[in-house]
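This report refers to the structure that appears directly beneath it.
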2 protein chains.
Amino acid sequence: MATTTTAPLTESAGEVFAQLARLNRATRPQLAAACALSKPTVSSAMAELESAGLVARDGTAHGSTGRSAAVYRLAADAGYVLAVDRGHTQVSFRAIALDGTVLDEGQSTRLDRAWSMLAAARRRRTADGPLRRAVVAVSDVVLPDPAADPETARRVADAVESLRLPGQVPVAVENNVNCAAIAELHDGDGSGEGPGGRDTFVYLQVGVGIGAGIVIGRRLLRGRNGAAGEVARLAYPWADGREPGHEALEARIGSPGLMLQVSGAWRADDGPLPADPEAVFALAAEGHPRAAALVARHAAEVGKLAVSLTAVLDPGLVILGGGVGRNPLLTAGVAETLARLGWPTKLEVSRLGEHATVLGAAHLAREHGINAVVTGA
Amino acid sequence: MATTTTAPLTESAGEVFAQLARLNRATRPQLAAACALSKPTVSSAMAELESAGLVARDGTAHGSTGRSAAVYRLAADAGYVLAVDRGHTQVSFRAIALDGTVLDEGQSTRLDRAWSMLAAARRRRTADGPLRRAVVAVSDVVLPDPAADPETARRVADAVESLRLPGQVPVAVENNVNCAAIAELHDGDGSGEGPGGRDTFVYLQVGVGIGAGIVIGRRLLRGRNGAAGEVARLAYPWADGREPGHEALEARIGSPGLMLQVSGAWRADDGPLPADPEAVFALAAEGHPRAAALVARHAAEVGKLAVSLTAVLDPGLVILGGGVGRNPLLTAGVAETLARLGWPTKLEVSRLGEHATVLGAAHLAREHGINAVVTGA
DNA sequence: ATTCGTTAGTTTAGTGACTAACGAACTTGG
DNA sequence: CCAAGTTCGTTAGTCACTAAACTAACGAAT
C-alpha cells in the first residue's frame with residue numbers, strides 16, 4: 001500500500017523510482033543502466049521499493065538469448081497527480097499516474113461544469129493511491145516564489161480554492177506558455193532524439209496573445225519576475241521618431257491585431273470581411289489575393305519576432321504554436337524572414353495543438369509528484 | 001614538483017584543489033566547509049595533493065581561541081595560464097597562477113610588439129610550473145564546437161600560431177563580450193553577495209559595436225551558433241512599413257551610429273562638430289543643449305535595447321559596459337526607459353572598464369587550467 | 001537431449017566518504 | 001603556572017556503493 005507520507009527513500013532507491021516512473025516499465029538491468037548504478041545497488045533499491053509498496057512486478061521480458069528478466073512498474077496505488085489548464089475560453093484537466101498513465105481527462109467551456117467534472121474525476125480515483133500534487137496553468141505571469149508577491153499568492157489560493165482539494169495537497173501555479181514549452185520538451189516531435197536534439201529551444205506562441213517559453217539545456221527559464229519569454233514587451237514600434245508602446249507588439253501580432261490589419265486593408269471588392277483569423281487563412285488558402293497578402297505580411301511580422309528571439313538567445317530551434325502560429329500558411333514566411341535576418345535556426349510547427357498546455361502542466365505535476373515520493377514529503 | 005600530466009586525482013581531492021585555488025589561502029576546516037566534505041576526507045585529500053606536489057603549507061592561522069590551523073596554498077609550481085584580449089585597436093594579455101595571482105601583464109596597440117611582450121613574459125615564467133591553458137578573446141562569434149566550423153577552426157589555429165605556444169598547450173577562443181560578462185560574474189561589484197545577487201544577468205556592451213553577454217544561473221549562455229547575445233541582429237527598425245536591415249541596430253546604437261546622429265543634428269551655432277562620443281558627452285556634461293538632447297535620445301535607444309533584452313530574458317539585472325555604455329550621462333535615461341517599458345530590473349554600470357575582457361578570459365583560462373589538473377589531463 | 005553462449009541476479013570483498021569520539025594544541029582567566 | 005574551554009586533526013567504526021566472481025535461467029546449436 002502506498003502511503004501519503006513515508007520515511008524518505010535512500011538516494012539510490014529514489015533515483016530508481018524516478019527512472020521507473022519515467023520509463024513506465026523496465027527491467028533491473030535497464031534501471032541500472034539508466035541510473036548509472038550497479039546491479040547490487042538496484043537490487044537493494046528494488047527490495048526497498050517493493051517493501052514500501054511503491055513498485056510491483058509486471059511480467060517477464062524474454063530477450064533473443066539469455067535468462068529472462070523480471071519487469072517492474074509502479075504500484076497501481078503509488079499515487080497520481082492533477083493538471084488543470086485554466087484558459088480564458090475553456091478549462092481542461094488531466095489526471096495521470098506517476099508513470100504517466102492517463103487516468104482521466106476532460107474539458108469544458110463552462111467553468112462550473114469543468115469544476116464538477118473535475119470533482120467527479122477525483123471521486124473516481126479511489127484505487128490509484130493519494131493525490132500527490134496539482135499544477136494549474138494560468139495565462140498570467142507567475143512569480144518564481146509565490147509567497148513573495150501577494151498577487152501571485154492570491155492566485156494560488158484561488159486555484160486551490162476552486163479545485164476544492166482535500167487538506168494539504170500542494171498546488172503549483174505555472175504560466176500556460178511555459179507549460180506548453182515543457183510539453184514540447186518531453187512530448188514534442190523529436191524529443192527522443194540524441195544530445196542537442198531538443199535540449200534548447202524557444203516555443204513561440206501566437207494566438208490571442210503572444211508569448212514564448214524558453215528552454216535552455218532541458219530547463220525552463222523563468223526569469224527574476226517570472227516574466228522570461230513575455231515578448232509582448234519587446235520594444236515595438238522601434239524606429240527613429242517612434243515611441244514604443246506598452247505591450248504594443250502583442251496588439252500588433254496577436255489575433256486581434258491581425259484582424260485590425262485585415263479590416264483596415266479590406267476593400268469593397270474583396271467580398272465580406274472575414275470574422276476571425278481562421279477565415280482569413282481559409283481565404284488565403286483559396287488564393288484570395290488580399291487575404292494572401294495580409295497573411296504574408298503577418299508571417300513577416302512573426303518572423304521578425306522570431307529573429308529578435310534568436311538575436312538574443314540563438315537557441316537553434318524555434319517551435320511555433322498557438323492558434324495563429326500553428327497555421328501552415330504562416331510557416332514559409334516566418335522561415336524566410338528568420339533565414340534572412342537571424343542566425344541559422346530550425347523552424348518547426350508544434351504538433352501538440354491545444355493540448356500542449358495541459359500536457360506540460362501534467363508533466364510538471366508528475367515531476368513534482370515523483371519528487372514528493374522520493375523525498376518522502 | 002608539479003608535473004604536466006599526472007594520474008587523475010580522486011574526486012574529493014580534485015574538489016579540494018579547485019576550492020583551494022579559488023580561495024587562494026585556506027585552512028582545512030575552511031576547505032571542509034567550502035567543499036561540504038568531512039574533516040577526515042579533507043585530510044586524506046590534502047595528503048594526496050601534497051604528495052603530488054600540487055599544494056604546500058603556507059603558515060599557520062591563529063584564531064581567537066583554540067588550536068591553530070595549518071594554512072595551505074597551491075604549490076608555487078602548480079602551473080599558470082594565459083589570457084589574451086585580441087582587440088581591434090590593441091592587444092592585452094595576462095598571465096596568472098591557478099590561484100589567481102597575477103604573474104605578468106601587458107598591452108600594446110602595436111600587434112608585433114604585443115606578441116614579443118607576450119613571448120618575453122612566457123620566458124620569465126620558469127618557476128611557475130607548466131603553462132596549462134590559454135584563452136584568446138576575439139570580437140567574432142565563436143562556435144561552441146570549433147572543430148565543426150572551418151572558419152572558427154582557422155581562427156583557433158591562427159591564435160595558437162600567433163601565440164607561438166609550445167607543443168600541446170590547449171588554446172580556447174572565446175567571444176570578448178562573453179569574457180567581459182564572465183568577469184562581471186566573478187570580479188564585478190556585488191559578485192560576493194548571497195543567492196540571486198549576481199547569478200543571472202545580462203552584460204550589455206555599447207561601444208563601437210554592440211553585444212550582450214548572458215549569464216543564467218552563473219553559467220554563460222553561448223547559443224547554438226555561439227551567437228547568443230549578438231543583439232546586433234535584433235529586428236530594427238521594426239514598425240509598419242519599415243524593413244529591418246541586417247545588423248541595422250548596431251549601425252544605429254554603436255558609436256559610429258551615435259556620431260552619425262550627431263553630425264546630422266548639428267547646427268552652425270552649436271559650435272565645432274565633436275569628433276568622437278567622448279567629446280559629445282563632455283559637451284553634454286557642460287550643459288550644451290544640442291549635445292544633451294542627443295545624449296538623452298541615445299540613452300533612450302540603449303534603453304529600448306535593454307527593454308528588449310528584459311522582455312526575452314527577465315534577468316533582473318542589466319550591467320552596462322563598453323566605452324559608450326559606461327558613460328554616467330547615459331545611465332539615468334536608460335534606467336528611465338527600462339523602468340517605463342520593461343520588467344522590474346536593476347541597472348548597474350560596469351566598474352571593470354576596459355580590463356573586463358582580459359579579466360574574464362583569465363578567469364576562463366584559470367577554470368580550464370584547474371580542470372586540467374583535476375582531471376589529470 | 002545435451003552442451004554452449006548469453007543474460008539475470010546474488011555473493012563477496014574492497015573503496016571512499018561519513019559520523020563520532022578522542023588526543024593535541026592553543027588562548028584565556030584565575 | 002595551571003585549569004578550563006575551544007578548535008584542529010586523527011583514529012575507529014559504519015554505511016553505501018562498486019567491481020568481480022559466481023550461480024541461475026534461458027535460447028540455440030549440435
Side-chain angles (χ1 to χ4, degrees), chain A residues 6-20 23-52 54-74 373-376, chain B residues 6-20 23-52 54-74 373-376:
Chain A
T6 336
L9 301 168
T10 62
E11 199 183 313
S12 59
E15 215 170 320
V16 169
F17 180 84
Q19 276 300 338
L20 184 56
L23 295 171
N24 215 322
R25 277 167 46 89
T27 66
R28 293 198 204 194
Q30 285 171 349
L31 289 167
C35 302
L37 291 170
S38 67
K39 291 191 282 179
T41 305
V42 171
S43 216
S44 62
M46 293 310 291
E48 186 180 342
L49 293 170
E50 249 182 312
S51 78
L54 289 169
V55 309
R57 275 291 300 271
D58 186 30
T60 313
H62 296 261
S64 65
T65 167
R67 179 174 170 180
S68 48
V71 178
Y72 292 86
R73 59 167 173 74
L74 297 200
V373 172
V374 166
T375 59
Chain B
T6 335
L9 300 169
T10 61
E11 199 183 312
S12 59
E15 215 170 317
V16 169
F17 181 82
Q19 275 299 338
L20 184 55
L23 295 171
N24 214 321
R25 276 166 49 88
T27 66
R28 294 200 204 194
Q30 285 171 346
L31 289 167
C35 303
L37 291 170
S38 67
K39 291 191 283 177
T41 306
V42 171
S43 215
S44 62
M46 293 312 290
E48 186 180 343
L49 292 170
E50 249 183 312
S51 78
L54 288 169
V55 309
R57 274 293 299 271
D58 186 30
T60 313
H62 297 263
S64 64
T65 166
R67 180 174 169 179
S68 48
V71 178
Y72 292 86
R73 59 167 174 74
L74 296 200
V373 171
V374 167
T375 59

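As a basis for the values below, the full set of heavy atoms in this structure was taken, side chains included, without hydrogen atoms, waters or symmetry mates. Numbers restart at 1 for each chain; the letters A, B, ... are given by sequence-line order, proteins then strands. Keep in mind that this is a model prediction, so the values were computed, not measured.
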* Asked: Can you give one letter per nucleotide of nucleotides 1-6 of chain C, 5' to 3': B if a protein heavy atom sits under 4.0 Å from the base, S if only from the sugar-phosphate, - if neither?
  -> ----BB
* **Qualifying salt bridge (Lys or Arg N to Asp or Glu O under 4.0 Å) pairs with a residue from residues 35-45 of chain B, counting only residues at least two apart or across chains** =>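 Listed once each, the pairs would be none.
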* **Sugar-phosphate, base or nothing in reach of S64(B), heavy atoms under 4.0 Å** =>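 Counting heavy atoms under 4.0 Å across all strands, the contact made by S64(B) is with sugar-phosphate only.
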* Under 4.0 Å between any heavy atoms, over every strand shown, what does S12(B) touch: base, sugar-phosphate, or nothing? Just pick one. =>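 Sugar-phosphate contact only.
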[atom1] of [X] versus [atom2] of [N]: gap in Å, rounded?
| X | N | atom1 | atom2 | value |
| --- | --- | --- | --- | --- |
| R57(B) | dC8(D) | CZ | C1' | 11 Å |
| H62(B) | dT7(D) | NE2 | P | 16 Å |
| E48(B) | dG16(C) | CD | C1' | 11 Å |
| E11(B) | dT15(C) | CD | C1' | 13 Å |

* Asked: Which pair of heavy atoms, one from T10(B) and one from E48(B), lies closest together, and at what distance?
  ->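 Reported closest heavy-atom pair: OG1-OE1, 2.9 Å.
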* Does anything in residues 29-44 of chain A reach DNA chain C, meaning a heavy atom under 4.0 Å, and if so which residues? ->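 Output list: P29(A), K39(A), P40(A), S43(A).
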* side chain to side chain donor-acceptor pair (under 3.5 Å) partners of E15(A), counting only residues at least two apart ->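 With neighbours one apart ignored, the set is empty.
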List for me each residue that meets side-chain contact (heavy atoms from CB on, under 4.5 Å) alongside [X], sequence neighbours excluded, and say none if there are none.
| X | answer |
| --- | --- |
| S38(A) | P40(A), T41(A) |
| A34(B) | Q19(B), L23(B) |
| A32(A) | V42(A) |

* Would you check if the side chain of E50(A) reaches a backbone N or O of A47(A) as a donor-acceptor pair within less than 3.5 Å? =>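 No; zero donor-acceptor contacts below 3.5 Å.
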* With sequence neighbours excluded, residues passing salt bridge (charged side-chain N to carboxylate O under 4.0 Å, His left out) with R25(B) ->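 By the salt bridge (charged side-chain N to carboxylate O under 4.0 Å, His left out) rule, R25(B) matches D58(B).
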* First of T27(B) and G63(A) reached from the 5' end of DNA chain D, by closest nucleotide ->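 Upstream on the strand: T27(B).
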Validation: residues 65-72 of chain B side-chain donor-acceptor distances under 3.5 Å, sequence neighbours left out:
from   : atom 1 : to     : atom 2 : distance (Å)
Y72(B) : OH     : R28(B) : NH2    : 3.0

* Asked: OP1, OP2 of dT10(C) versus side-chain N and O of R28(A): anything below 4.0 Å?
  ->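 Checking dT10(C) against R28(A), a side-chain N or O does come within under 4.0 Å of OP1 or OP2.
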